[in-house]
Amino acid sequence: MSFDAGELRYLSPEIALFAFAMLVLLHDVIARRPNREVSLAVTLMGLGVAAVLNLLTLQSSPTPVLAFSGMLAVDSFGLFLNFVVLLSAAGALLIGHDFLRRVDVLIPEYNPLVLFSATGMMLLAGANDLILLFIALEVMSIALYVLAGINRGEPTAAEAAFKYFVMGAFASAILLMGVALVYGTVGSTELRAVAQWFAIEGNTLGATPMLGVGLAMLIVGFGFKVAAAPFHMWSPDVYQGAPAPVTAFMATGVKAAGFAALARVLFVAFLDGKVDWGGTLWVMAALTMLAGNIGALVQKDLKRMLAYSSIGHAGYLLMAVAAAPVTGLADNPRMGGILFYLLAYTIMNIGAFSVISLFTRDGAEDTRIAGLAGLADRHPLVAAGLSVCLLSLAGIPPTMGFVGKFYLFAAAVEGGLVGLAVVGAVAGGIGVYYYLRPIVVMYMHPAEEHPVAPQLNRAAMGALAVAVAGVLLLGLMPGPLVDWARESLLSLAAWSGT
Amino acid sequence: MLQAVIFYTLAIAAVIAGVVVVTRRNPISAALALVVAFFFQAALYVLLDAHFVAVTQVLVYAGAIMVLFVFVIMLLNLRGDQGAALPQPSARAQVGLAVAGLVGTGLVTSLDALRRVDMGPAAEGFGTIQQVGGLIFDGTYLLPFEVASVLLTVAMVGAVVLAKREI
């Protein structure tokens, strides 16, 4: 094995993102009065450059390639998710720009930290080796622990950051233990090596329980990261306590990167008739969908409600993942719904959080659902935007959320998991109720005596406009994107041969 | 035979040091006992020919992490007599113990099953500093190594953001 500098081009999006993060960091340190507009513009430029480089990589390597001695998989699965991560980061930056000024957290490191975290997420989406996967996961998580606690004066934010840190460190430790056990059995941390190990006659999970324990620990670790039941307890407190733009980033970017890593590990290394993790994921998916959607019913705070909704959405995604061992990847064309849904979820959540971020009063967030009363009269466009995003989250046509949910359920049914799909449908039905409640409050309830005035600003409004347009356009014309998502997911099959 | 004698001597010493860690009331004594446990563990690694892990153990655990522990203890100004009585195990602790027992059983079973798998001898020089260095710098693990430097940068920036008083 030797190092080939030419392979660096496969890493160009990540390198660009990191370089821009350092640039912004240095600008804010060197400039006597760091200009926030310049900082935001350069950061967004970094995201744009990374997106262009990502597109070039996608076009220049149509067939999946392994780079850096098999550490990094360059396939359209990872590159698709890179776009999702970049979108999520752009959303977090736009939402955060004015918000942080209002809550008086003028920390210039916010923008670079978002970029650092996004770098980790992109590496996580492409990691073909458990060692790189773990380090990328930590790059992503450590930046996020700091972002969650960036509002140090606010006790709830400090609590959220600490909770997130402790639970996250715990999850990372479990995941690392799982990596060690897999390595101990297989003798390699590369995902394909695990699949090859299973191909040898007589190598089964039954003969070496150590690998089974390792796989279980990997699933538990990822379960914590994507907030799947029964490992979801931390997420409502953390999502509610963290500043709105950070919550938006956590809910979308982490979910996309976490599911990318989970899907890659399970689909490349363990998608073999000898390992049946489908049953475990079946139970997890059912629990997650029910816990999220039922928990959301009684919430009075919009951020907390969306935290529970985020748990529910993790459940829908797990439902499709659980179908993979039954059908394999190639024979289940609906499986691409996982990627489509991750993109859809990112767009609609960014839209919802861009509205939530508007509600601050005297430097503190006020995200009570009751505070939305009468918003439709005062700011009809904002109310309409939030309504579209919520309807999409509920999965009502003609939105992107409906199309995504349709493919996830179809993937499960195709895999014969009809029972799970029924559980999902019940959970989704419950979900419609709580997504409609804020809309009812906005349009039908009279305003409070001293209503919270939404602090409209260009950056967040821009994010909302793009999100609403995306949700509606891609909901009406999902065809090309669905095809792209399906092909991207199929690129994983090149590694495992299933 | 000789190896077994050395192993059991070191292992028993490490366990004794570990027990001392959790039974001392004075936090400084507990911390120092932990250093002793770390050193015996490092010696065990040497016995396994895992030189790199042994050196890292001494440098990182016995060195850096212990200094951190002692710093925290001294900053908090803990004294032995302030230690509260050990809390009674609550219902939660019992659930925790049950889960820990379950995981522990799983680990022990899987380790036991491992004996039946023929792993073959490790390659010549496995775990030596030379080979670890080779693996990192000849390109095999170069990417994770470089990403680790990104991780350190992020951690440093993050620590400054969270800890500095005036922004």
Side-chain angles (χ1 to χ4, degrees), chain A residues 1-4 7 11 14 18 21-22 25 67-72 105-110 112-113 116-117 119-120 123 127 129 131-136 138-140 142-147 149-150 152 161 174 177 181 184-185 187 189 203 206-214 216-217, chain B residues 48 50 53 92 95-96 99-123 126-127 131-167:
Chain A
M1 299 285 175
S2 66
F3 171 66
D4 173 12
E7 287 187 333
L11 209 58
E14 286 88 348
F18 185 73
M22 296 309 282
L25 200 61
F68 301 100
S69 317
M71 288 287 147
L72 190 76
V105 184
L106 291 174
I107 294 185
E109 285 89 349
Y110 176 80
L113 278 170
F116 283 140
S117 190
T119 311
L123 284 167
D129 189 287
I131 302 242
L132 181 63
L133 184 144
F134 178 74
I135 298 178
E138 286 304 287
V139 173
M140 166 185 100
I142 288 189
L144 271 168
Y145 302 148
V146 178
L147 284 173
I150 206 161
R152 293 180 303 172
I174 291 183
M177 186 75 198
L181 292 179
T185 316
T189 48
N203 277 353
T208 49
M210 190 158 92
L211 188 61
V213 177
M217 286 183 155
Chain B
L48 285 170
V53 184
R92 271 190 190 193
V95 174
V99 173
L102 209 66
V103 175
T105 321
L107 285 176
V108 171
T109 336
S110 43
L111 277 179
D112 187 54
L114 202 62
R115 284 192 213 169
R116 283 179 263 127
V117 184
D118 183 21
M119 300 287 240
F126 184 83
Q131 209 183 36
V132 172
L135 275 176
I136 291 177
F137 293 108
D138 80 345
T140 314
Y141 286 93
L142 190 64
L143 181 61
F145 181 75
E146 291 298 336
V147 179
S149 63
V150 174
L151 178 60
L152 290 178
T153 313
V154 175
M156 212 155 56
V157 173
V160 171
V161 169
L162 287 182
K164 73 178 172 187
R165 263 176 218 286
E166 281 299 317
I167 292 163

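Please read these numbers as outputs of a predicted model, since none were measured by experiment.
Residues A:Val139 and A:Leu123 form no side-chain contact, since every pair of their non-hydrogen atoms from C-beta on lies 4.5 Å or further apart.
Looking at B:Val103, the atoms closer than 4.5 Å to chain A (heavy atoms on both sides) all sit in the side chain, from C-beta outward. For A:Met177, the part lying under 4.5 angstrom from a heavy atom of chain B is the side chain only. Contacts between B:Leu162 and chain A at a heavy-atom distance below 4.5 Å involve backbone atoms as well as side-chain atoms. Residue A:Leu25 touches chain B through its side chain alone, counting heavy-atom pairs closer than 4.5 Å. No part of A:Leu147 comes within reach of chain B, as not one of its non-hydrogen atoms sits under 4.5 angstrom from that chain. With a 4.5 angstrom heavy-atom cutoff, B:Val147 touches chain A via backbone and side-chain atoms both.
The CG atom of A:Leu133 sits 10.5 Å away from the CD atom of A:Glu138 when rounded to the nearest 0.5 Å.
Side chain of A:Glu7 to main chain of A:Ala67: no donor-acceptor pair is present (N/O by atom type, distance under 3.5 Å, no hydrogens or angles). Although no hydrogens or angles enter the test, the distance criterion places no donor-acceptor pair under 3.5 Å between the side chain of A:Ser117 and the main chain of A:Leu113.
Taking the six-membered ring for Trp and thresholds of 30 and 60 degrees, A:Phe116 and A:Phe18 have ring planes inclined between 30 and 60 degrees apart.
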